[in-house]
Amino acid sequence: MKEKIENLLKQMTVEEKAKICSGASRWRTHPIERLDVPEIMMADGPHGLRKEPKSEESASMGKSIEAICFPTASALACSWDRKLMSRMGEALGEESQTEDINILLGPGVNIKRSPLCGRNFEYFSEDPFLASELAANYVKGVQSMGIGTSLKHFAANNQEHRRLTVDAQIDERTLREIYLAAFEKVVKEAQPWTVMCAYNKVNGTHASENKYLLTDILKEEWGHEGFVVSDWGAVNYRDKGIDAGLELEMPSSYGDGKKAIVEALENGSLSEESLDRAAERMLKIILKAVESNRDDLDYDKAEHHQLARKIAADSMVLLKNKDSVLPLAKAEKLGVVGSFAKNPRFQGGGSSNINPYQIDNAYDELKQYTEQELSYAEGYAVENDSDNQKLIKEAKEMVEKVDKVIVFAGLPDRYESEGYDRDTLEMPPNQNHLIEELAEVNENIVVVLSNGSPVVMPWLKKVKGVVEAYLTGQAAGGAAADILFGKVNPSGKLAETFPQKLSDNPSYLFFPGEKDQVEYREGIFVGYRYYDSKEIKPLFSFGYGLSYTNFEYSELQIDKKEITDKEILNLSLKVKNTGKVYGKEVVQLYVSDPESTVVKPKKELKEFAKVKLEPGQEKIVEFELDKRSFAYYNTEIEDWYVENGDYQILIGSSSRDIRLKDSVEVKSTVELPEEYTINTNVGDLLADPAKEKIFKKLINEYLEDTDLLEMLGGRNSEMMAAMLNYMPLRALVMFSEGAVNRAQVEEIVEKLNNS
Ligand code: BGC
């Protein structure tokens, strides 16, 4: 292949190289017919195929073919299930092969900085480790079928507000630890064929022409082998993009992009080498796509619908289950309320909107389970937020006569979408009012929520059950019925914090920024990293989710009590299903560094496992931790660094329900560069045993064995010792009343630097 690419490059004209780096239409690249280089086709993604038939391709957001709509990322993330993600990826790969798509545009791994981001339904989590593990498995699944993926939107596309022009200003440590970390792991572990650059600017430069992101980090540091494609319309100056490492402009810019590249070459502002590098990367993936084409694959729509149902059920989160109101029994008299029960909201708006081949509705699916007549009332209007007294009255009259009430509520389409952000965490007032009114006449209310991102629940205390169903795809209705009747035991856990109120969110004061500038001033304190550190009680915490059974954790064992940052730490623990039904538990491992000298969150997720357990069954769960599990990004050495110290290992059923603890001492094998000056604080020297020794020796010589502390005010003076900590070396002259002189201070500095 390498030789073939070299040959092609030799034969291609500058025009042809520029052409192959420019989209031919909304979804296709240019073929170079003379050299037998074919076009390739892309389609959205990520949770189903949005392939536009050729006749519709020229239209913006034309009607797409019928496809399976799987759950969206915010739901999928709650499954915490790597295997399920790769199975879904395989299914999407099979579908893409059948539909002649070469690259599926997803997954999106942007971090949920604010719950208001209109596109959060398409993103996994507020935590980069969780997002990257799930996305890497999705990518591996799709690509195992010979279909490429596009990891998006690189980087820091964390809001829709002014998304094409906003400048996300992020300090380096935060960028690395929070906003790039998910991309990094997926690139290193799964090699997505393409990465899609974001619309926005990052630290002053458009992502589409950001050399630091596209070349220095993505290609050189992380070793990405494929090409970078622009988000649709993200190109600012095409020639600058080529230079920065943006290989493909999408969609077609009707010749403008190609022209800009050729002109820049002619006037010398772009080198042929840069264009060659871009064309080479394009050819590599185009040829790979051709090689990977398979005619033997077909897929069964009904089978994939069943898969979508299973994934949906495994993603739903049981948030409340007072008095075991769930699961429902077949003999109970049930009332269903809410327009979403018959016209479900199961996906988000924008480029990921799928044309589903079938839509389950919860009402019909519940009917299959119950032995009783199933009553229904619409309850609220979806198209506006005003109370409809007639609908409320009908619903109240109906629910008075039943044992239990299932209310299907959540956010209507107009509340959240690609392209704009929400401005509130509130659900439509008419839905909130309805739930409160129903609770007055029936005490057994269960609310099933369909929404892409967190909402507040003013009625929470008045209802007995809440199922967070998120936007769980075309089979959401069936999956909800499976959960409600206990055919599937809920095992989803939240992949993001639900705050009590919007102003609790760490980005609240700085979101969505001023005009075209947004400063990420909360830094690394995103999601639970903030709520935990600030001891703010959320409505529902990260990693939280109930089950119809109980799990007992025991016997945490770690294989070493002391490691260096080059060693692996092996851990194991036992989890037992102590209840009466089969269930799955998400075991979460957090690391905490209570004595860090740099600012750190109280704890951070570093591993997790989903364990399947029959009643009474116990299993051993094993984890491995490596350097990255203990490291922070040190901007001084521009690398990950582990500080010497004791780290706590916390095993929990959620971020706020830690069941087992142990600790390990980790020693760094990297020495941080240290330069001493006359402004070095005495306390910093005393904190380092080696330096303390040198310093004390010198000082004693100068002071002829007079103790420094004693001289400064008495051996036992705690106050003086504390003050000395923050005294720069140059101040010793004054405080020792000349006993140490300036020349001696400079000598101390020199000796410290040479030691
Ligand atoms: C979205 C991308 C999408 C592309 C193509 C853009 O508006 O941001 O996520 O893949 O359109 O539809």
Side-chain angles (χ1 to χ4, degrees), residues 22-29 40-53 56-65 67 69-70 72-74 92 96 99 101-112 117-124 131 135 138-139 142 147-166 168 182-183 186 192-202 206-208 226-236 246-253 347-355 416-421 452 471:
S22 316
S25 66
R26 275 192 72 74
W27 306 110
R28 292 167 200 272
T29 59
I40 55 170
M41 185 183 182
M42 287 154 261
D44 283 307
H47 52 268
L49 270 46
R50 205 179 76 76
K51 179 191 174 187
E52 292 171 5
E56 300 272 341
E57 264 183 43
S58 55
S60 179
M61 295 289 289
K63 191 168 164 50
S64 57
I65 58 158
C69 178
F70 287 93
T72 67
S74 57
L92 289 168
S96 302
E99 297 294 351
I101 291 163
N102 303 104
I103 294 171
L104 190 62
L105 300 173
V109 289
N110 295 97
I111 293 298
K112 296 173 198 249
C117 171
R119 214 171 176 185
N120 272 359
F121 71 89
E122 265 190 81
Y123 300 140
F124 290 96
Y138 170 105
V139 168
V142 175
I147 299 296
T149 52
S150 198
L151 188 66
K152 64 192 188 182
H153 307 90
F154 187 61
N157 182 182
N158 309 102
Q159 64 189 55
E160 291 301 278
H161 179 79
R162 300 171 90 100
R163 67 173 166 160
L164 275 91
T165 48
V166 74
F183 289 96
V186 181
W193 290 11
T194 77
V195 169
M196 188 188 291
C197 78
Y199 281 130
N200 48 283
K201 289 183 186 172
V202 181
H206 277 94
S208 65
F227 67 72
V228 178
V229 55
S230 71
D231 196 346
W232 269 228
V235 166
N236 184 43
L246 170 69
E247 281 80 24
L248 177 64
E249 172 178 32
M250 283 303 284
S252 164
S253 57
Q347 64 172 331
S351 59
S352 68
N353 204 267
I354 310 300
N355 178 12
E416 53 182 347
S417 166
E418 177 180 341
Y420 55 90
D421 295 325
L471 304 179

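Ligands are counted one by one from 1 in listed order, and the atoms in each one are counted from 1 as well.
- Looking at E52 against ligand 1, nothing comes within 4.0 Å, counting heavy atoms.
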**Study point:** Evaluation steps, side chain to side chain donor-acceptor pair (under 3.5 Å), between S351 and R119
**Key:** CA-CA 10 Å; S351 59; R119 214 171 176 185; 3.1 Å; yes

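- Applying the side-chain contact (heavy atoms from CB on, under 4.5 Å) test between S96 and each of L104, N102, V142 identifies L104 as the sole match.
- Within ligand 1, counting atoms from 1 as listed, the ones closer than 4.0 Å to a heavy atom of R163 are 7 (O), 8 (O).
- The distance criterion of under 3.5 Å between nitrogen or oxygen atoms is met by D231 with respect to ligand 1.
- No N or O atom of R50 sits closer than 3.5 Å to an N or O atom of ligand 1.
- Nearest heavy atom pair, residue G233 against residue Y199, reads C-CE2, 3.9 Å.
- A distance-only check finds no donor-acceptor pair linking the side chain of E249 to the backbone of S22 [under 3.5 Å].
- Under a 4.0 angstrom heavy-atom cut-off, R119 registers as being in contact with ligand 1.
- Remark: K152 pairs with D44 by the salt bridge (charged side-chain N to carboxylate O under 4.0 Å, His left out) rule, at least two apart or across chains.
- Contact analysis puts M196 in contact with ligand 1, with a non-hydrogen atom separation below 4.0 angstrom.
- Below 4.0 Å from some heavy atom of S351 lie the following atoms of ligand 1, by number and element: 1 (C), 2 (C), 3 (C), 9 (O), 11 (O), 12 (O).
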Review point. Can you check side chain to side chain donor-acceptor pair (under 3.5 Å) on H47 and Y138, steps first, answer last?
Key: CA-CA 10 Å; H47 52 268; Y138 170 105; over 6 Å; no

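- With salt bridges taken as basic N to acidic carboxylate O contacts below 4.0 Å, one links E418 and R163.
- Counting atoms of ligand 1 from 1 in the listed order, those under 4.0 Å from a heavy atom of W27 are 5 (C), 12 (O).
- Put simply, no part of M42 is less than 4.0 Å from ligand 1, judged by heavy atoms.
- When side chains are defined from C-beta on, H161 does not count as touching V166, because their heavy atoms never get closer than 4.5 Å.
- Note: no N/O pair closer than 3.5 Å links W232 and ligand 1 by distance alone.
- By the 4.0 Å heavy-atom criterion, H153 is counted among the residues contacting ligand 1.
- Polar contact with ligand 1: present for K152 (N/O pair, distance under 3.5 Å).
- Residue contact check for ligand 1: M250 places no non-hydrogen atom closer than 4.0 Å to it.
- Contacts between E122 and ligand 1, counted as non-hydrogen atom pairs separated by less than 4.0 Å, are absent for every part of the residue.
- Between the side chain of W232 and the backbone N or O of R26, at least one donor-acceptor pair lies under 3.5 Å.
- Summarising the geometry of Y123 relative to V109, their closest heavy-atom pair is CD2-N, 4.3 Å, with the distance given to 0.1 Å.
- In summary, the atoms of ligand 1 found under 4.0 Å from a heavy atom of E418, numbered by their order in the structure, are 1 (C), 6 (C), 7 (O), 8 (O).
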